[in-house]
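Keep in mind that what you see is a predicted model, and the values were worked out from it rather than measured. Just so you know, these numbers use all the heavy atoms, side chains as well, and skip hydrogens, waters and symmetry mates.
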Amino acid sequence: MKFDRTEIPDVIIVKPEVINDHRGFFMESYHIDKFSIGGIKSIFVQDNYARSIKNTIRGLHFQVMCPQAKLLRCLKGSIFDVAVDL
């Protein structure tokens, strides 16, 4: 797994290693130890899956009392994700 830091300190791009063979592929999408070494200390307790049509904008959330980490995955196409440093 490769972890690319961005200009916003808590926004990290995770690039998993994809192993292809004749059966298809295998990818480790989350590993707590590797994420910790990569600078992600959050413990994920919930995993959601959403599918959006092209040009969809989903909510921009700001939590003070109960902050949440966000793990985003693109299965097909591309994502334009926005992070705001307040």
Side-chain angles (χ1 to χ4, degrees):
M1 246 178 239
K2 185 177 177 191
F3 298 86
D4 292 339
R5 297 212 163 267
T6 65
E7 291 182 27
I8 300 175
D10 291 332
V11 177
I12 301 169
I13 298 171
V14 180
K15 296 181 179 178
E17 178 184 0
V18 179
I19 302 166
N20 293 290
D21 65 20
H22 68 281
R23 301 167 293 177
F25 74 91
F26 174 83
M27 178 186 79
E28 184 178 69
S29 59
Y30 176 73
H31 188 286
I32 193 169
D33 294 335
K34 291 177 184 177
F35 270 50
S36 182
I37 291 168
I40 301 172
K41 306 296 184 197
S42 299
I43 297 173
F44 291 93
V45 295
Q46 181 177 336
D47 183 23
N48 301 326
Y49 183 84
R51 181 176 182 268
S52 299
I53 61 172
K54 187 176 181 177
N55 297 323
T56 296
I57 298 176
R58 294 196 175 261
L60 182 62
H61 304 275
F62 177 66
Q63 288 111 336
V64 176
M65 300 305 290
C66 299
Q68 295 180 350
K70 179 178 173 184
L71 178 61
L72 203 76
R73 181 180 303 126
C74 180
L75 300 178
K76 182 179 179 183
S78 61
I79 294 173
F80 180 74
D81 192 37
V82 177
V84 179
D85 185 1
L86 298 175

Q. Is there a chain of hydrophobic side chains (I, L, V, M, F, W, Y, each step under 4.5 Å between heavy atoms) that links Phe26 to Tyr30?
A.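 No, because Phe26 and Tyr30 fall into different hydrophobic clusters, even though each may have its own neighbours under 4.5 Å.
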
Q. Under 4.5 Å between side-chain heavy atoms, hopping through other hydrophobics if needed: is there a path connecting Phe80 to Val11?
A. no

(Q) Could you work out, with salt bridge (charged side-chain N to carboxylate O under 4.0 Å, His left out) as the rule, every residue matching Lys2, not counting sequence neighbours? (A) Asp4

Q.
Under the rule for salt bridge (charged side-chain N to carboxylate O under 4.0 Å, His left out), what residues qualify as partners of Arg23, not counting sequence neighbours?
A. Asp21

Q.
I'd like to check the side chain to side chain donor-acceptor pair (under 3.5 Å) partners of Ser52; sequence neighbours left out, ordered by chain and number.
A.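 For Ser52 the side chain to side chain donor-acceptor pair (under 3.5 Å) partners, ignoring immediate neighbours, are Arg58.
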
Q | Arg73: partners by side chain to side chain donor-acceptor pair (under 3.5 Å), with sequence neighbours left out | A |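 Side chain to side chain donor-acceptor pair (under 3.5 Å) list for Arg73, sorted by chain: Ser29.
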
Which donor-acceptor pairs under 3.5 Å do the side chains of residues 33-45 make with protein atoms, sequence neighbours left out?
residue : atom : partner : partner atom : Å
Lys34   : NZ   : Glu28   : OE1          : 2.8
Ser36   : OG   : Lys41   : NZ           : 3.4
Lys41   : NZ   : Ser36   : O            : 3.0

**Q.** side chain to side chain contact (heavy atoms under 4.5 Å, CB included) partners of Asp81, counting only residues at least two apart
**A.** Lys70, Leu72, Ile79

Q: Identify, with sequence neighbours excluded, every residue that meets side chain to side chain contact (heavy atoms under 4.5 Å, CB included) alongside Arg51.
A: none

(Q) Atom CD1 of residue position Ile57 - does it have more than 12 heavy atoms of other residues, nucleotides or ligands inside 6.0 Å? (A) no

Q. Can you list the other members of the hydrophobic cluster that holds Phe25, where links are side-chain heavy atoms under 4.5 angstrom apart?
A. Val18, Met27

Q.
Using every non-hydrogen atom in the two residues, find where Arg5 and Pro9 come nearest and quote the distance to one decimal.
A.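 Smallest heavy-atom distance, with atoms named: NH1-O, 3.3 Å.
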
